Amino acid sequence: MSKPSLARGTRDFGPETMVKRTFIFDQIKKVYQKYGFLPLETPAIENLSVLMGKYGEEGDQLLFKILNSGDFAKDITNNDLENGSKEILRKVSEKGLKYDLTVPFARYVVMNRHQLAMPFKRFQIQPVWRADRPQKGRYREFYQCDADVVGTESLICEAEIVTMLHEIFENLGVSEFVIKINNRKILSGITETIGAKGKEVDLCVAIDKLDKIGKEKVEEELLQRGFNAENISKLQTLFTLPITQAAMFSTLKNWLKDSEIGILGVQELEEIWILVDKMQLQNPKIAFDPSLARGLSYYTGAIFEVKALNVSIGSISGGGRYDNLTGTFGMPGLSGVGISLGVDRIYDVMEELGIFPEQLQLSSTKVMVTNFGDETLSKSLETVAILRQKGINSEIYPENSKIKKQFEYADKKKIPFVVILGTEEIEKEIYLIKNMKTGEQSTLTLNQLKESLDV
RNA sequence: GAGGUUAUAGCUCAGUUGGUUAGAGCACUGGUUUGUGGUGCCGGGGGUCGUGGGUUCGAGCCCCAUUAGCCUCCCCA
């Protein structure tokens, strides 16, 4: 006999947790649908040919690969063994667990391109798997809640993502957050302008630490990453950007005026700000963050990240625009933009802030009816049936146990009301109902009972 | 992938320089004038101290290995 244990980086979700998780899922789904996104599900398992090469070399390593069924080792030769794991992998595994929802979505779009109404808006809420090293807020199996729209370059989509995120987080009660926005084109523009074209990634990694380590240390790091003194002196504008958005945009445009792509990026960004304003969003929690890069290499335009404030977790959502996601599946030129919410992290944030609605603590059962055996059982069963017909969540205690036990059960399950039906009550044709929170008991008629429990 | 840290009851943790039957709180369970839970009182069960080796007369404590959790970096939801 072995002790039971969970696979590394995975979790069980008990009833209390599931109630809260379901609440988060429901809120997200509700808003996605409100904005016209349609549901989609794709398999947990995909062919490795679909998955490999989409997330960079590191991503390939983080993919969970599935061993072929049957004698998976039958095709391996001694030669393969000498050539190392890559050769062997091709022969023992041809499927893997999906790593995110975007790539399977791209595959779906390509395979169904003729049926889909373009632009196609879909949302998808499913688990994904990464063979990463587990850490705080980071698991090997976790849910993503994606919403993407493909087949249009309209910046309305970006703006809608911004307003949609506001609505979702406000519905959840996460009121302190900021949507950081950047644009890959601006990053390219900056590197072009400072004379370090193509070094966007190094630039981002360094300036990302600006808040933490300060400007001097960032400049040191830039030197280490192969930027020269001239590059860095030209970068100074970035450290002194104006706070107000109008001034900020004009400074950026002036700074990047010699970079066509950079200017385009700023214009896109500005347009998003304008559209968000036209969409009547009051006090938008959006901020341009030039250090925002995001790991996934397929982003080409806007990049989003949502950060919860005053909590240790941080990033709870990310996304951006990709111009050629479906290109690797033979369908070039299809632009899309999407957002992904991390439920697990949102859960942790809400838990840390203690903002889950109180009624989620309670059982979904509203009434428990007692069971005192043969003499009273039929009345109890009848009562519970009537309550259910009324649409009231109710249950009967399944065994003829001591009343103490039945109350303990109701208490443990946090059922707010218990209807006590003993011989006395049945004779008098009354229903004795106890409020478990206050301890008050009252005798009611059937109609009064139904009324008092009505929502 | 690199580094740090922890592992003792279901949970959170004590456990002295190595020394006899390893403790607490919470949880669980039984009772408390038998038709009343959550608060009181009395009792009870439960740990081969993560796993495998080693040192020692003797290891929860020291050494090595291993596994898992947590944290930092990298990367990410």
Side-chain angles (χ1 to χ4, degrees), chain A residues 2-11 14 24 28 55-63 98-102 124-146 201-202 204-206 208-209 212-213 221 292-297 299 303-308 312-320 338-349 368 370-373 375-376 397 400-426 432-441 443:
Chain A
S2 65
K3 275 188 190 171
S5 64
L6 283 167
R8 192 173 193 192
T10 65
R11 299 149 300 157
I24 298 174
I28 294 172
Y55 310 105
E57 201 170 319
E58 189 143 4
D60 284 354
Q61 283 194 321
L62 296 180
L63 280 171
K98 67 170 169 252
Y99 181 90
D100 73 356
L101 301 179
T102 312
Q124 193 170 353
I125 299 179
Q126 287 191 269
V128 300
W129 294 266
R130 295 183 190 179
D132 207 351
R133 188 169 185 154
Q135 256 184 62
K136 183 174 189 178
R138 202 159 167 187
Y139 310 96
R140 287 184 150 182
E141 179 186 65
F142 61 95
Y143 275 74
Q144 287 190 330
C145 305
D146 280 22
V201 175
D202 284 302
C204 284
V205 171
D208 182 40
K209 297 174 184 163
K212 282 186 196 165
I213 62 178
E221 176 147 355
L292 185 63
R294 310 219 82 240
L296 298 174
S297 48
Y299 291 123
I303 311 169
F304 303 103
E305 189 164 296
V306 181
K307 189 161 168 20
S312 56
I313 303 279
S315 171
I316 48 179
S317 172
I339 193 75
S340 178
L341 300 181
V343 196
D344 303 275
R345 287 192 176 180
I346 293 172
Y347 182 98
D348 289 345
V349 165
M368 188 196 82
T370 57
N371 175 352
F372 296 124
E375 268 183 77
T376 60
Y397 192 84
N400 171 16
S401 303
K402 279 196 238 174
I403 192 164
K404 183 183 168 77
K405 253 203 140 141
Q406 304 195 25
F407 270 102
E408 277 172 357
Y409 172 84
D411 181 50
K412 207 174 285 182
K413 267 189 92 171
K414 298 203 170 78
I415 297 171
F417 297 99
V418 173
V419 171
I420 304 156
L421 284 176
T423 47
E424 241 177 84
E425 285 78 12
I426 293 171
L432 184 57
I433 184 168
K434 173 159 180 162
N435 180 326
M436 293 297 280
K437 201 171 175 186
T438 62
E440 282 166 17
Q441 292 189 177
T443 54

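Since the structure is predicted, the reported quantities are computational estimates derived from the model, not experimental observations. Side-chain atoms are counted along with the backbone in the values below, which use heavy atoms only and exclude waters and symmetry mates. Letters A, B, ... mirror the listed sequences (proteins, then strands); counts begin at 1.
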For the pair made of [atom1] in [X] and [atom2] in [N], what is the distance, rounded to whole Å?
X	N	atom1	atom2	result
A:Gln135	B:A77	CD	P	14 Å
A:Lys404	B:G35	NZ	P	13 Å
A:Gln406	B:U36	CD	P	12 Å
A:Tyr99	B:A77	OH	C1'	10 Å
A:Glu424	B:U34	CD	P	16 Å
A:Tyr55	B:C74	OH	C1'	20 Å
A:Tyr139	B:C70	OH	P	8 Å
A:Ile28	B:A77	CD1	P	15 Å

- prompt: Between residues 415-422 of chain A and RNA chain B, which residues have a heavy-atom gap below 4.0 Å?
  reply: A:Ile420
Between [N] and [M], how far apart are the two [atom1] atoms, rounded to whole Å?
N	M	atom1	value
B:U33	B:G47	C1'	39 Å
B:G30	B:G69	C1'	36 Å
B:A24	B:A14	P	16 Å
B:U55	B:C13	C1'	29 Å
B:C62	B:G18	C1'	8 Å
B:C57	B:C70	P	41 Å
B:G45	B:C28	C1'	9 Å
B:G37	B:G52	C1'	48 Å

Which part of the nucleic acid, if any, lies within reach of [X] when heavy atoms closer than 4.0 Å are counted: base, sugar-phosphate only, or nothing?
X	value
A:Leu62	nothing
A:Glu425	base
A:Gln61	nothing
A:Gly439	base
A:Lys412	sugar-phosphate
A:Lys402	sugar-phosphate

[atom1]/[X] to [atom2]/[Y] distance, rounded to the nearest 0.5 angstrom?
X	Y	atom1	atom2	result
A:Phe407	A:Met368	CZ	CE	7.0 Å
A:Gln144	A:Gln124	CD	CD	9.0 Å
A:Asp344	A:Arg11	CG	CZ	4.0 Å
A:Lys98	A:Gln126	NZ	CD	3.5 Å

Do side-chain atoms of [X] reach the backbone of [Y] as a donor and acceptor pair under 3.5 angstrom?
X	Y	value
A:Arg140	A:Asp132	yes
A:Thr370	A:Leu421	yes
A:Ser315	A:Lys307	no
A:Gln406	A:Asn371	yes
A:Arg8	A:Pro134	no

message: Can you tell me if A:Gln441 has over 12 outside heavy atoms packed within less than 6.0 Å of its CD?
response: yes
query: Among the nucleotides B:G30, B:G38, B:A77, which one has an atom lying closest to any side-chain atom of A:Asp411?
result: B:G38
- prompt: Quick one: which of B:G35, B:A77, B:G69 gets closest to the side chain of A:Gln144?
  reply: B:A77
query: How would RNA chain B look in dot-bracket form, 5' to 3', counting Watson-Crick and G-U wobble pairs with both distances under 3.5 Å and writing | for bases paired to another strand?
result: (((((((..((((.....[...)))).(((((.......))))).....(((((..]....))))))))))))....
task: Assign the ring pair A:Tyr99 / A:Tyr55 to parallel, tilted or perpendicular, where the plane angle (0 to 90°) is split at 30° and 60°.
output: tilted
- line: By nearest-nucleotide position on RNA chain B, the 5'-leaning member of A:Glu440 and A:Lys405 is A:Lys405
query: Start at the 5' end of RNA chain B and walk down; is the nucleotide closest to A:Phe142 or to A:Asn435 reached first?
result: A:Asn435
query: Think A:Arg133 has a side-chain N or O under 4.0 angstrom from the OP1 or OP2 of B:G1?
result: no
